[in-house]
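I have a structure here, written as structure tokens, and I will follow up with some questions on it.
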Amino acid sequence: MSQKATMIVDKDFVISSIDDRIYGSFIEHLGRAVYGGIYEPGHPASDERGFRKDVLSLIQDLRVPIIRYPGGNFVSGYDWKDGIGPKDKRPSRLELAWRTVEPNQFGLNEFVDWSRIAGTDVMWAINLGTHGVDEARNIVEYANHSSGSYWSDMRISHGYAKPHGIKTWCLGNEMDGPWQIGAKTAVEYGRIAAESAKVMKWVDPSIELVACGSSGKGMATYPEWEATVLDHTYDHVEFLSLHTYYGNHDNDTATFLGRSLEMEDFIRSVVATCDYIKAKKRSKKTMQLSFDEWNVWFHSNNADKKIEPWQIAPPQLEDVYTMEDALVVGCLLIALLKNSDRVKMACLAQLVNVIAPIMTENGGPAWAQTIYYPYMHASVFGRGQALVPLVQSPKYDTKEITDIPYLESIAVYNEDAKEVTVFAVNRDLTNALPLEVDLRSFGGACGIIEHIVLENEDLKATNTASQPNRIQPNANGNARAEGSKINATLSKASWNVIRIRL
Ligand code: AHR
């Protein structure tokens, strides 16, 4: 065993009330996310609208509060009008972002219907690649205006008498990336984003808007992009976006597990940039962050290079996730919660088949990948207040990252349920880690509801169609309460959820 780690959980040291939308996700018209994922007419598990009920049930268990849609890179060439009205009149289009054919059999109204069943809100991304201010106001009018105008009456004629009431809108996607259809300089984007935001809010003043930050910390224009974009958009938007993906290309698991430290660093520097513009503008408003694409993404990179272009829904970005990926996702979730004072929305990218916690076979089963479990645990048990993790932990260094604590953890206090949940990853690949949690500020004795553990001897183990349950959480953790202290042994390379009754 390595040395012990300790954690003081004090109800007076609050980072923030966690905005539920931090547990959001993302569905793009990409690969088999929509066609063969959430929508597959004729599948034995599909309803009369073609919505796969087996997939919906896995999503409902995740309690996903909000889903970003319809892209992603896809959105920058997308005409939302192609996806409304009678299906037999909708065009098939060449989709240039992912080099496929988009049949447009699923669009805005289908997604709104589907999201209601999934129990989630919609975060709609508008096209600011090939579209502009006019389409920006039109789509808000179609979706949210009650009646008596061209676009709202068209929605009614499509069978939707009531407005959809979509509250959250992204102003384009990754507009700094040269791979983006209609990519822009920061000034070009800042201007079009500000003007679009203005008219969108003139149509519906109740909406909230997300401006595009950099598509990653590695972009040459980061963080100047953020500063310039905010210079133009600060008064018009509520959120700035961040995106990041991590991989284990060199099979250096110790470093891979430390990547969440980089995510935190990234968040802090974007916060600093937002606050610089706030000061520069003498503004009273604080810009919040929408980390609306984050995940592990690397397994499918080579396979994707071999996919023939211009197919409908080919198997793109189908990462099969390992046990160690689940640990990284656990660390990334904890990183988001540690910064929940500014990260108010976040989207695990993506939700089904495309770098996703849920996989399906066309005509076949649906199952949960390894990363499904930390995401589900955080979303289900991580509602309430994030408490400052006062942690002492032994640390390790790798060639790339130093001072990585073996213990990554955070506690969430749910006052209504009178529960504290500790989420903890032991990054030590060879040794168990004894953990002592001190809950003295809550006064009185506490008890363990359950100690859930996700672990496997083989860090490369996966869940597949033939072995869908190889990696599954168990409730065999040994956390025990003594007065106001909890002691537990965190198995090597494990994800832990310790639920404590106060
Ligand atoms: O999520 C996959 C892709 O990653 C998205 O389309 C894009 O926004 C990002 O580069």
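Counting convention: from 1, in listed order, for ligands and their atoms alike. Not measured: the values here are computed from a predicted model. Residue numbers run from 1 in the order of the sequence given.
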Residue pairs involving residues 319-330 (criterion salt bridge (charged side-chain N to carboxylate O under 4.0 Å, His left out); sequence neighbours excluded): Glu324-Lys460

Do Ile355 and Tyr245 come within less than 4.5 Å of each other through their side chains, counting heavy atoms only?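 In contact.
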
Is Arg342 salt-bridged to Asp275, cutoff N-O under 4.0 Å?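 The answer is yes: the pair qualifies as a salt bridge.
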
Taking atom CG of Leu333 and atom CG of Leu348, what is their separation to the nearest 0.5 Å? 7.5 Å

Tell me the salt bridge (charged side-chain N to carboxylate O under 4.0 Å, His left out) pairs involving residues 234-247, sequence neighbours left out? Lys201-Glu238

Run through ligand 1 for me and note each protein residue having a heavy atom under 4.0 Å from it, chain first, then residue number. Phe26, Glu28, Gly72, Asn73, Trp98, Asn173, Glu174, Tyr245, Glu293, Trp297, Leu317, Gln350, Ile355

Which pairs with one or both residues in residues 172-210 pass ring-ring contact (aromatic ring centres under 6.0 Å, His included), sequence neighbours excluded? Tyr189-Trp225

